[in-house]
Amino acid sequence: QVQLVESGGGSVQAGGSLRLSCVASGDTWRRQCMGWSRQVPGKGREGVASIDNTGKTRYADSVKGRFTISKDNAENTLYLQMNSLKPEDSAMYYCAADLLCAGGFSFRYWGQGAQVTVSS
């Protein structure tokens, strides 16, 4: 079993920054791949970033250079540092995990989501 709990969502003006956190619990081997996806009403979830057990990261082109994914293994916490935020970044952000980082940004386990709103 894997449990994911996000925090850090909120509202910010364009150009600002936010940091999302996700505390993970459950078998470590079930979550060797960790990541973030986002979703707006009426659309499917869009993969944002991922990090595997070796620390290798992957980003969607839309956020590369602005967002940074990282993790603290000792604290079982995943982070998403979001800088230079744009209104189009507004979405519900979900912490996610899976056995491996394979098949694109596909994940088996999901958190409850954290709302991020970027105003212009």
Side-chain angles (χ1 to χ4, degrees):
Q1 182 179 2
V2 173
Q3 296 177 17
L4 307 169
V5 181
E6 303 98 330
S7 63
S11 299
V12 66
Q13 291 188 327
S17 300
L18 282 175
R19 187 182 72 164
L20 301 180
S21 299
C22 171
V23 178
S25 61
D27 296 337
T28 301
W29 66 270
R30 296 180 186 271
R31 47 182 170 86
Q32 296 179 75
C33 178
M34 301 289 294
W36 295 91
S37 293
R38 63 189 183 185
Q39 185 174 30
V40 297
K43 296 185 178 181
R45 291 186 184 182
E46 172 192 25
V48 174
S50 67
I51 183 168
D52 69 12
N53 61 309
T54 71
K56 183 179 180 180
T57 59
R58 179 184 172 203
Y59 298 91
D61 289 341
S62 60
V63 307
K64 195 168 186 177
R66 299 188 298 120
F67 291 11
T68 302
I69 187 170
S70 63
K71 61 180 179 179
D72 184 333
N73 291 326
E75 297 294 330
N76 289 305
T77 303
L78 180 74
Y79 301 99
L80 183 67
Q81 179 65 47
M82 303 182 289
N83 297 326
S84 301
L85 283 162
K86 306 173 181 179
E88 47 264 50
D89 292 318
S90 296
M92 183 72 76
Y93 283 72
Y94 296 90
C95 178
D98 207 343
L99 179 63
L100 297 172
C101 287
F105 293 106
S106 179
F107 302 97
R108 182 178 304 179
Y109 308 102
W110 301 88
Q112 63 185 19
Q115 181 66 48
V116 172
T117 302
V118 184
S119 62
S120 59

Do M92 and F67 share a hydrophobic cluster (ILVMFWY, side-chain heavy atoms under 4.5 Å, transitive)? no
Which pairs, with at least one residue in residues 111-120 and sequence neighbours excluded, count as a salt bridge (Lys or Arg N to Asp or Glu O under 4.0 Å)? none
Counting only heavy atoms not in E88, do more than 12 fall under 6.0 Å of its CD? yes
Pairs of donor and acceptor atoms involving the side chains of residues 102-120, under 3.5 Å and at least two apart or interchain, shall be tabulated with distances.
{"from": "W110", "atom 1": "NE1", "to": "F107", "atom 2": "O", "distance (Å)": "3.3"}
{"from": "Q115", "atom 1": "NE2", "to": "A91", "atom 2": "O", "distance (Å)": "3.3"}

For M34 and I69, what are the C-alpha separation, side-chain angles and deciding distance, and is it a side-chain contact (heavy atoms from CB on, under 4.5 Å)? CA-CA 9 Å; M34 301 289 294; I69 187 170; 5.6 Å; no
Atom pairs and distances, donor-acceptor, side-chain atoms in residues 71-82, under 3.5 Å, two or more places apart:
{"from": "K71", "atom 1": "NZ", "to": "D52", "atom 2": "O", "distance (Å)": "2.9"}
{"from": "D72", "atom 1": "OD1", "to": "A74", "atom 2": "N", "distance (Å)": "3.1"}
{"from": "D72", "atom 1": "OD1", "to": "E75", "atom 2": "N", "distance (Å)": "3.2"}
{"from": "T77", "atom 1": "OG1", "to": "E75", "atom 2": "O", "distance (Å)": "2.9"}
{"from": "Q81", "atom 1": "NE2", "to": "N83", "atom 2": "OD1", "distance (Å)": "3.0"}

Interatomic spacing from OG in S11 to CG in L85 - rounded to 0.5 Å: 11.0 Å
Taking Y94 as the starting point, is it possible to reach L20 by hopping between hydrophobic residues whose side chains are less than 4.5 Å apart? no
Tested for side chain to side chain donor-acceptor pair (under 3.5 Å) against Y93, the lone hit among R45, E6, Q39, R38 is R38
For C101 and K56: C-alpha separation, side-chain torsions, deciding distance, then whether side-chain contact (heavy atoms from CB on, under 4.5 Å) applies. CA-CA 10 Å; C101 287; K56 183 179 180 180; over 6 Å; no
Closest approach of C33 to L100 (non-hydrogen atoms, all atoms of both residues): CB-C, 3.3 Å
Shortest non-hydrogen contact between G26 and R31, atoms and distance: O-NH2, 2.9 Å
Give the minimum heavy-atom separation between E46 and S62, together with the two atoms involved. OE2-OG, 3.6 Å
Which heavy atom in P87 sits nearest to a heavy atom in A14, and how many Å separate them? CD-CB, 4.1 Å
